[in-house]
Structure formats: C-alpha cells, structure tokens
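Just dropping this structure here.
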Amino acid sequence: MQPPDAWEEAAAARTRRGLDPSAFGRLVVVCAHPDDETLGAAGLMRGVVAAGGTVEVVLASDGEAALPEVGSIDRAGLARTRRAELDAALAELGVPATVHRLGLPDSALREDQLVGPLTGLLAGTDAWASPWRGDPHPDHAAVGRACPEAAPVTAHGYGFPIWARTRIAPTDPGVPWDRAHRLILSAEDRAAKRRAIAAHASQSAVPRGGTRAVLSAATLAHFHGGHEVYFREPPPSGAPPELFAGLYRDGADPWEVRTSFYERRKREVLLACLPRERYALAAEPACGLGALTRDLAARCDRVVASDVVAEAVAATADALGGTPGVEVLRADVDDDRAVPGGVDLVVLAEFLYYLPTARVGAVLDRIAGALVPGGDLVLVHWRQWPAEAPADAATVHARVVADDRFDTLVEHTDEQFLLHVVRRR
C-alpha cells in the first residue's frame with residue numbers, strides 16, 4: 001500500500017491546474033458503488049452546492065458484492081444498508097443530491113451496459129465526475145470509460161482516483177498528471193468528508209464471519225488529506241463542426257469576438273508579435289466571424305480565410321466582401337485550399353485544441369509542408385480548457401514548440417491566453 005501522504009504530496013507538486021466548483025451549475029457524479037462519491041468527490045460536490053449549483057449522483061450498483069469471500073453476508077440486506085448509507089453521507093456533506101440508481105450487478109459492471117442509461121442522465125449537464133478509468137477496481141474503470149462515451153461534448157469530464165491512491169505510486173508513468181486538477185479542501189470540507197466517510201459504516205466494519213473490513217483505517221487515511229485529485233477526461237473525438245454551426249446560427253457572435261476586451265486585446269497582441277511588417281500570403285483556418293481576418297489583411301498582400309462552418313463563412317464574407325486580397329471559402333483545415341502551398345504566414349487562433357490528438361499531427365504536417373522556409377506559424381489559444389477540447393492550450397503549444405521543423409521566435413503568456421510564433425526551418 002502507498003503511504004497516505006504520497007498522493008497528497010504529488011497533488012501539491014505535480015498539478016498545475018486548480019478546479020473551480022463554482023464554474024458548474026449542474027454536476028453529475030457517476031459512481032460504481034456507494035462511497036465512491038464521498039471518497040473521491042466530496043469536496044467538489046460541496047463546492048458546487050455552495051456556489052448555488054445542483055448535484056446529482058448516479059449509482060451504477062448498490063455495492064452488494066463487497067467482501068465476496070464472506071459467504072454469510074445477506075447481499076440484499078447489504079444493498080439496502082449501503083443505499084441508506086449513501087443518503088446519510090450526502091446529508092453529512094450538506095449536499096441535497098438527487099440519486100439515480102441503475103441497479104446493475106456489483107463487481108460485474110460493463111461499459112456497454114452503462115453507456116445507454118448514462119447518455120440520458122448526463123444530457124445537459126455542465127460537468128460530470130466518476131472514478132478514474134485507470135483505477136485498479138474493474139468496476140471503477142468501467143464507469144470511467146463509459147462516461148466520456150455517454151456525456152455530451154459540451155460537458156467538462158473528470159475522473160477521480162480511489163483505489164489508485166492506495167495501490168498505484170503517483171510516480172507511475174500511467175498516472176496522467178498532465179491532465180490533473182487539484183481541489184484544495186477547507187477545514188470544513190475535510191470535517192464534513194470525515195463524517196460522510198463514517199456514514200458508510202458497513203465498509204469500515206469487519207462483517208460477521210469475515211476477517212477484515214473493505215476500508216481499513218490504513219486505507220481511509222488516504223482520504224483524510226487536504227486535496228482531491230481529478231484527471232480531466234476530454235471527449236476523445238474532438239468538437240464536431242455541427243456544434244459550432246449551432247452556435248453561429250442567426251448571426252450570433254458566441255464568443256463576442258467583435259466586442260469583448262479579451263478578443264480585442266488578443267488580436268492586438270498577436271499583431272504586435274508578428275515578426276515581419278508584411279507577408280505575401282497568409283492562411284487563417286477556422287476564421288470564425290473574420291474579426292482577425294480584417295486585421296491580417298492590413299499586413300498581408302493576400303489572405304485565405306476559411307472555416308468548416310457555413311454560417312461562419314457567410315458572416316466573414318459579408319463583413320469582408322470586397323476587401324482587396326481577401327479570399328473567404330468554406331473548407332476544413334485538411335483541405336489544400338485552407339492552407340495553400342507557398343504561404344509565408346499561418347494563423348491558428350482558438351482552434352488547434354479542438355482537434356483529436358492524431359489529427360493535430362496531421363494538421364502540423366500539412367502546415368509544415370505548405371509554409372515556405374522561413375515562414376511563420378502563429379498559435380494563440382485561451383488558457384482555460386474548453387469542455388469540447390481534447391487538450392488545452394499548453395499541451396498543443398508544447399507539441400508545436402517541440403517539433404524540430406520549427407524554431408520558436410515569440411512566446412507570450414498571461415493569465416488569459418497563450419501565444420507562440422514559430423518559424424519554419
């Protein structure tokens with residue numbers, strides 16, 4: 001068993017992101033068994049409720065198969081006890097959660113059985129949390145794998161370690177610290193969590209006919225610390241174009257690119273970081289509503305602005321119709337027209353982190369082949385992690401910076417966005 005402080009110390013040293021429960025109006029916590037919610041997500045649930053949000057708990061099984069070696073246990077009675085303990089634990093946490101019970105068999109949970117019911121229960125949620133897919137308990141892993149399949153791409157997803165905290169060293173290369181978020185628990189949170197853990201009394205007591213408890217005192221010590229750890233579970237397929245099409249309908253400006261200070265400032269910084277006064281041919285895939293396209297046109301002889309979303313292309317064409325040197329077309333970034341050969345500037349703004357990992361590599365190959373030697377690639381992305389994005393800005397930028405086909409010229413980092421300019425060798 002790992003020392004109780006091992007994951008506590010790793011959480012403090014290795015996580016570069018905090019978790020803000022106030023960002024989630026509706027949180028769904030999906031559990032394999034009663035007590036998963038308390039051991040792994042007590043502080044998160046309390047934080048959401050304290051911020052005025054709502055919490056729902058989905059219970060895949062009633063936990064009736066605990067300690068299978070003890071044949072004298074009344075399994076139906078244990079299921080009833082554990083359901084009551086869950087209600088008591090939520091009361092101790094001060095979380096008035098709605099509980100959805102799926103009634104699936106404990107210790108036999110299967111991903112394919114879970115996806116269907118979870119799809120309906122996760123619809124419309126802001127965030128979900130479940131046991132981490134890499135947790136050693138197979139039921140935990142099954143739930144952790146099912147949730148990303150069932151959840152909408154617009155929901156933030158997180159996996160929390162349970163048995164991993166006792167059985168896996170935090171230095172293990174399989175622990176995804178690059179996706180880790182840390183929630184610091186207040187003294188009140190820690191006290192409430194201890195009371196809620198105690199409410200799951202059947203798990204910390206040695207049953208009649210048994211020789212051990214499911215949760216020994218040594219095990220529980222791992223959950224009495226000041227941190228909860230959550231591994232981001234983004235949608236592996238990335239953001240579908242139809243999602244953005246819906247956002248752009250009826251002339252909408254979903255990110256306020258025309259009016260917000262963030263967007264204006266980001267464009268001004270980007271333009272100031274361009275290492276050349278003028279470019280011959282620029283490509284701007286995912287141009288959105290064309291606010292940046294207009295600025296690039298003043299610095300370039302020609303600009304090819306493209307987007308896969310028809311509504312965005314139409315809005316950009318309307319805004320920039322007749323602007324000399326500007327071509328607006330509907331094309332995905334994989335289309336040769338989006339990044340034509342011979343470009344000396346490519347700008348990827350708020351775009352690359354929406355692509356699945358494998359596709360990011362293909363896009364970089366395409367851009368590297370289209371850029372003339374000495375041409376510049378600009379990346380600028382919001383530093384937060386959009387729900388629909390398989391990766392965050394730091395991850396995709398680090399991938400480009402590490403690519404030996406490019407030299408880094410400019411790095412600009414502040415609390416809101418991350419910007420890099422790299423030059424094709």
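All values derive from a computational prediction rather than experimental measurement.
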### Message
Please report the interatomic distance CG(Leu379) to CZ(Phe351), rounded to the nearest 0.5 Å.
### Response
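Here the rounded value is 10.5 Å.
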### Task
Could you grab the distance from atom CG of Asp139 to atom OG of Ser107, nearest 0.5 Å is fine?
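If we round to the nearest 0.5 Å, Asp139:CG and Ser107:OG are 5.0 Å apart.
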### Query
So which pairs with a foot in residues 230-240 pass side-chain hydrogen bond (donor to acceptor under 3.5 Å, both in side chains), sequence neighbours left out?
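Checked against side-chain hydrogen bond (donor to acceptor under 3.5 Å, both in side chains) - neighbours excluded - the pairs reaching residues 230-240 are Arg133-Glu233, His156-Arg232, Glu228-Tyr230.
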### Query
Does CZ in Arg16 sit with more than 12 non-hydrogen atoms of other residues, nucleotides or ligands closer than 6.0 Å?
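For Arg16, atom CZ is crowded (more than 12 foreign heavy atoms under 6.0 Å).
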### Task
Would you mind checking if Arg46 and Glu188 are paired as a salt bridge, meaning a charged N to carboxylate O distance below 4.0 Å?
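A salt bridge is absent here (no side-chain N lies under 4.0 Å from a carboxylate O).
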### Message
Please report the interatomic distance CZ(Arg337) to CZ(Arg330), rounded to the nearest 0.5 Å.
### Response
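Going from the CZ atom of Arg337 to the CZ atom of Arg330 covers 10.0 Å.
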### Query
Would a line drawn from the ring center of His397 to the ring center of Tyr353 be shorter than 6.0 Å?
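No.
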### Task
Using a strict 4.0 Å threshold on nitrogen-to-oxygen distance, state whether Glu56 and Arg26 make a salt bridge.
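Yes, Glu56 and Arg26 are salt-bridged.
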### Task
Answer with yes or no whether the side chains of Asp35 and Thr38 bring together a donor and an acceptor at under 3.5 Å.
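Not at all, the side chains of Thr38 and Asp35 share no donor-acceptor pair under 3.5 Å.
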### Task
Indicate the ring-plane relationship of Tyr158 and His181, choosing parallel, tilted or perpendicular according to the 30° and 60° boundaries.
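Perpendicular.
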#### Entry: Arg101/Asp87 ion pair, N-O < 4.0 Å
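Yes, charged N to carboxylate O under 4.0 Å.
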### Any donor-acceptor pair under 3.5 Å from Trp255 side chain to Glu263 backbone
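Checking the backbone N and O of Glu263 against the side chain of Trp255, no donor-acceptor pair under 3.5 Å is found.
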### Polar side chain donor-acceptor pair, Asp135 to His140, under 3.5 angstrom
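A donor-acceptor contact under 3.5 Å links the two side chains.
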### Message
I need the single residue from Val55, Leu93, Thr54 that forms a side chain to side chain contact (heavy atoms under 4.5 Å, CB included) with Val49. Which is it?
### Response
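Result for side chain to side chain contact (heavy atoms under 4.5 Å, CB included) with Val49: Val55.
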### Query
Looking at Arg82, His33, Arg83, which one forms a side-chain hydrogen bond (donor to acceptor under 3.5 Å, both in side chains) with Asp62?
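Only match with Asp62 under side-chain hydrogen bond (donor to acceptor under 3.5 Å, both in side chains): Arg83.
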### Query
Does the side chain of His222 pick up a donor-acceptor pair with the side chain of Gln2 at under 3.5 Å?
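Judged by distance alone, the side chains do not pair up.
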### Query
Taking side chain as C-beta onward, heavy atoms only, is Thr408 less than 4.5 Å from Phe406?
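When only atoms from C-beta onward are counted, Phe406 and Thr408 do not touch, as no gap falls below 4.5 Å.
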#### Entry: Trp163 ring center near Trp7 ring center (under 6.0 Å)
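No: the rings miss the under 6.0 Å criterion.
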### Check ion pair Arg366-Asp334 (N to O, under 4.0 angstrom)
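Result for this pair is no, no salt bridge flagged.
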### Task
Not counting sequence neighbours, which residues clear salt bridge (Lys or Arg N to Asp or Glu O under 4.0 Å) with Arg80? List them please.
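Scan of Arg80 (salt bridge (Lys or Arg N to Asp or Glu O under 4.0 Å), adjacent residues dropped) gives none.
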### Task
Would you check if Gln113 and Leu102 make a side-chain contact, meaning some heavy-atom pair closer than 4.5 Å?
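Answer no - side chains too far apart.
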### Task
Could you please spell out the steps behind the side chain to side chain contact (heavy atoms under 4.5 Å, CB included) verdict for Arg17 and Asp392?
CA-CA 11 Å; Arg17 304 180 187 88; Asp392 66 349; 2.4 Å; yes
